[in-house]
Amino acid sequence: MSNLFVRKATGMVRSWSVFDAFIYAFFSINLVTLGFYSFSQMYYFGGGMIPALLISAAFIIFEVVVYASLIAVMPRSGGDYVWQTRIFGGGIGFILAITGWWFTLWLWTPIYGDMLRQIVITPLLGAFGMQDLAVWFAGQGNALFVCSLLTLGFVALVIFLGMKTYARIQKYSFYAGMVGLAIVIVLLFTGSPDAFKRGLDTNAASYFGTSGSLFEPTVQAGIDAFASTPLMGGTFALIMVTLPYLVFFNLWPNWGATLYGEVRGATDYKRNFSGMAWALGVTTLLGILFFLGVNRTIGWDFYVQANAAWWNYAWGYVTEAPPLPVWPNPAMLAVFLTDNRLVQIVVLLLMSTWWFGWAGTLFLSSTRVIFAAAFDRLLPEKAAELNKNGTPVNAMLYMVLPAILVSALYAYNVAGFRSITLAATQGIAIMYFGTAIAAIILPYKKKQLYEASPIAKMKVAGIPLITVAGVIFGGFLLFLLVEWFFDPWLNTGGVPPGLYGISIANTNSMIFLGACYAIAAAIYYGFKSRRKKEGIDLDKVQSEIPVE
Amino acid sequence: MTKLFFATDIHGSDICWNKFLNAGKFYEADVLILGGDMTGKAVVPFVHQGGENYKVTLLEQDFQITNADELADMKKKVRSRGYYPYMTNPDEITELDKNPELVNKIFLGEVLKVVQQWMDLADKKLDDSDMKVYCCPGNDDMDEVDEIIRASTRVVLAEGKVTLLDGVHEMIASGWSNRTPWNTHREEDEDQLKVRYEAMIANVEDPKNAIYNIHVPPYRSGLDDAAELDKDLRPVLAGQSIIPVGSTALRAVIEQHQPLLSLHGHIHEGRGTTRIGKTLCINPGSMYEQGTLLGALVVLGNGQIENFVLTSG
């Protein structure tokens with residue numbers, strides 16, 4: 001029996017494919033880029049990586065509920081900026097979203113650049129026998145800065161090509177990347193520790209010009225760097241303190257959420273939820289599978305020690321390069337299990353697609369928020385200008401020019417700037433915290449809107465599901481923020497770097513964060529005052545018009 | 001100087017229509033202009049179950065109505081999303097499932113009933129004001145809507161005409177769009193659109209002070225970005241693939257004649273402003289189903305836009 005009659009009208013689209021939604025969310029919590037990169041830096045924790053992955057996913061599923069719910073209640077709005085502005089009013093929404101989606105992305109640029117060289121450039125140059133160039137690209141300073149510029153060039157190219165083209169590149173990258181990952185996992189599960197040791201020595205010599213046995217010296221360098229993170233085990237408390245680092249990898253399933261189209265029912269909520277939740281679940285399982293494969297062939301201890309050896313050097317705690325003079329990219333270590341160079345190159349190329357299918361959206365959200373702010377007259381009109389090809393040239397400049405400066409500070413580690421890597425996650429998490437609070441109060445502050453939404457009947461013990469999920473996700477974010485800012489477990493003496501490097505004791509981190517919020521506040525109040533002089537009351541144009 | 005308020009694509013939302021009528025006073029505007037697509041997209045059956053009981057499914061959630069208060073509340077919820085409540089019974093539903101023509105008839109009846117209510121409300125509410133109100137139905141609106149607007153004493157039907165808004169600014173208006181995948185009521189090929197636009201533009205005395213109130217946005221303006229659809233009207237690549245769907249004919253006439261301002265809608269996600277040459281182009285977007293009236297306030301000067309801002313009311 002029909003329960004709704006619809007007519008042919010513009011925008012009456014059918015539901016999108018959950019599998020496609022899964023692909024974009026899956027690529028947002030990118031196991032090979034964000035995952036491999038952050039796992040490698042987490043060498044000094046006491047909590048097991050597998051339980052940490054599972055517990056973090058259990059918390060992040062509530063993030064998925066929060067975002068799927070907000071999209072269902074306020075679809076097509078463009079995300080956090082509009083949700084927060086609508087629920088809190090102009091100032092808070094602007095300052096949190098501009099900092100989270102715009103300024104913080106400047107800091108992500110050199111991090112993307114670092115991943116580009118470690119995951120794509122260095123292993124491939126090595127595989128093609130260009131030893132010196134491969135090692136140079138793995139080095140500090142100029143190499144990282146060059147790779148940050150290459151990243152910016154790639155992102156600019158993607159913006160020029162448009163999302164129609166890039167969405168397809170992403171989909172092809174998904175399939176190619178999955179084939180590559182499957183081969184890596186097969187290699188890890190079919191190889192042996194002895195074969196790995198042999199492969200490491202011969203291939204490292206061929207790729208990077210090393211000599212002699214690498215295994216034992218790497219183990220020693222790792223021990224010297226206090227490598228300790230276990231695969232399993234650890235107390236609950238020790239596992240929990242790994243999470244503020246781990247979320248660098250998996251806090252982002254909402255990036256792939258579908259914001260377009262008219263939400264017509266609870267099914268659409270479930271589709272968005274399913275796309276993100278499956279992505280989180282599958283990525284978590286693949287992460288566990290990867291860890292088990294590493295444990296089987298490379299050896300968990302060696303994996304952690306090799307990472308410790310590299311980051312101890314890259315972070316400047318020692319000046320002597322580790323025996324393996326590049327980042328121990330696990331995909332590269334896995335291809336060392338075969339002697340066939342062609343297979344090695346093919347697998348490394350396939351694994352590169354994880355970066356190319358992911359990095360292009362670096363400035364996508366930033367561009368959206370710059371446009372939204374310009375349309376609200378909180379930025380100059382020119383910020384949202386398109387050139388004749390439809391490219392947002394000025395918005396790109398707003399992103400690219402500061403990103404070059406931040407990349408230089410990061411690449412050359414000016415005044416220890418590289419220690420604030422996790423601030424890239426922190427800035428966005430603070431914005432998410434605002435969104436979680438908005439979700440908690442939505443059913444009460446926007447009662448009519450909520451009650452006429454597709455999630456009005458979704459309740460837990462009589463309390464709206466969005467509120468319950470918001471409290472859990474907000475509580476999780478609060479825990480992360482307390483850990484990041486106060487670093488209470490290791491930083492009791494107030495001495496940086498602590499576990500996360502971005503506590504209030506890290507002057508760089510505080511200056512970066514403070515400067516971002518100060519600039520956002522200055523822009524908001526400056527433009528508000530300017531518009532008032534021009535006769536536009538920005539508070540009023542965001543206020544609700546009386547209905548009666 | 002004249003201050004105009006423009007909103008569009010309210011798709012049957014009572015809340016948005018009320019807000020639109022109140023927007024003049026709220027924003028201190030001189031002129032109110034409503035772009036196309038006034039009419040709703042769905043009819044929600046209230047299926048009688050005997051006594052005061054009804055079964056209603058809204059947004060795929062089932063509701064059991066057991067008394068008059070709940071019934072009134074449910075009707076309000078349905079109307080708040082721009083849908084039309086329809087009192088019916090299981091036998092009629094079975095008949096409607098078999099006969100789509102009957103559904104179309106019910107749709108038309110409900111649409112016209114609400115448009116009539118809206119015009120009555122406007123006539124009453126604006127009776128003692130000198131506010132000018134212009135409507136121009138869009139491609140989703142049935143032809144019969146025009147007659148009802150034409151009969152209003154306070155609302156002016158702007159379709160196909162050159163209207164003098166003040167002593168300086170003339171407005172041309174059309175709700176016709178280029179072809180859509182939905183084969184809606186007012187759509188045609190680009191060359192026909194060009195003829196339609198040129199016919200109005202030929203009667204504009206001062207092209208540089210003109211306002212183009214055209215429902216469809218210009219092609220590749222950023223105001224016309226929509227999710228790419230496949231042949232089954234499913235968003236391609238989960239809505240990640242965005243393409244321009246605006247009118248090339250409109251873009252050509254804007255580039256050629258360079259009006260002062262152009263006002264658009266049609267693409268609800270396309271909220272924004274842009275410049276094509278000297279022309280300021282605006283699509284305020286739409287969030288009608290949330291009861292939020294998105295709009296644009298524009299202060300018109302002689303030969304220039306004095307100021308503008310997008311609103312969210």
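Below, read A as the first sequence line, B as the second, and so on, with proteins coming before strands; counting in each chain starts at 1. These numbers come from a predicted model, not from an experiment.
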Proximity breakdown for B/Leu280 and chain A, heavy-atom pairs closer than 4.5 Å: side chain
Let me know if B/Ser221 has heavy atoms under 4.5 Å from chain A in its side chain, its backbone, both or neither. backbone
Proximal component of B/Val103, with respect to chain A [non-hydrogen, under 4.5 Å]: side chain
Chain A interface, residue from B/Gly291, B/Gly222, B/Gly272 that has the most non-hydrogen pairs under 4.5 Å: B/Gly272
For each of B/Phe308, B/Tyr86, B/Tyr84, tally heavy-atom pairs with chain A at distances under 4.5 Å, and name the one with the top tally. B/Phe308
Just by modelled atom types, is the A/Ala167 backbone N or O under 3.5 Å from a matching donor or acceptor in the B/Gln240 side chain? no
Step by step, work out the salt bridge (charged side-chain N to carboxylate O under 4.0 Å, His left out) result for B/Glu228 and A/Arg168. CA-CA 12 Å; B/Glu228 184 186 5; A/Arg168 283 164 173 78; 2.9 Å; yes
Side chains of B/Met142 and A/Arg7, heavy atoms from C-beta outward: is any pair under 4.5 Å? yes
Less than 4.5 Å to any heavy atom of chain B: does that hold for the side chain of A/Ser543, its backbone, both, or neither? both
B/Thr184 portion near chain A, given a 4.5 angstrom heavy-atom threshold: side chain
Interchain contact, B/His11 with chain A, by part (heavy-atom threshold 4.5 Å): neither
For chain B, which residues from residues 370-378 of chain A have at least one heavy atom closer than 4.5 Å to it? A/Phe375, A/Asp376, A/Arg377
Contact leader toward chain B among A/Ile23, A/Ile455, A/Asp537, where contacts are heavy-atom pairs under 4.5 Å: A/Ile455
Most heavy-atom pairs under 4.5 Å with chain B, out of A/Arg531, A/Glu381, A/Gln542, A/Lys171, belong to A/Glu381
Ranked by heavy-atom pairs below 4.5 Å to chain A, first place among B/Asp232, B/Val78, B/Asn183, B/Leu229 goes to B/Asp232
Sort out for me which of B/Gly40, B/Pro100, B/Pro284 touches chain A most, counting heavy-atom pairs under 4.5 Å. B/Gly40
Is B/Arg275 in contact with chain A via its backbone, its side chain, both, or neither, using a 4.5 Å heavy-atom distance? side chain
B/Lys125/A/Glu548 salt bridge by N-O under 4.0 Å criterion: no
Would a distance-only check, ignoring hydrogens and angles, find a side-chain to backbone donor-acceptor pair under 3.5 Å from B/Gln61 to A/Ser453? yes
Where along residues 12-26 of chain B does a heavy atom come under 4.5 Å of chain A, listed by residue number? B/Ile15, B/Asn18, B/Lys19, B/Asn22, B/Ala23, B/Phe26
For B/Ser241, the option from A/Met163, A/Gln170, A/Lys164 that meets side-chain contact (heavy atoms from CB on, under 4.5 Å): A/Lys164
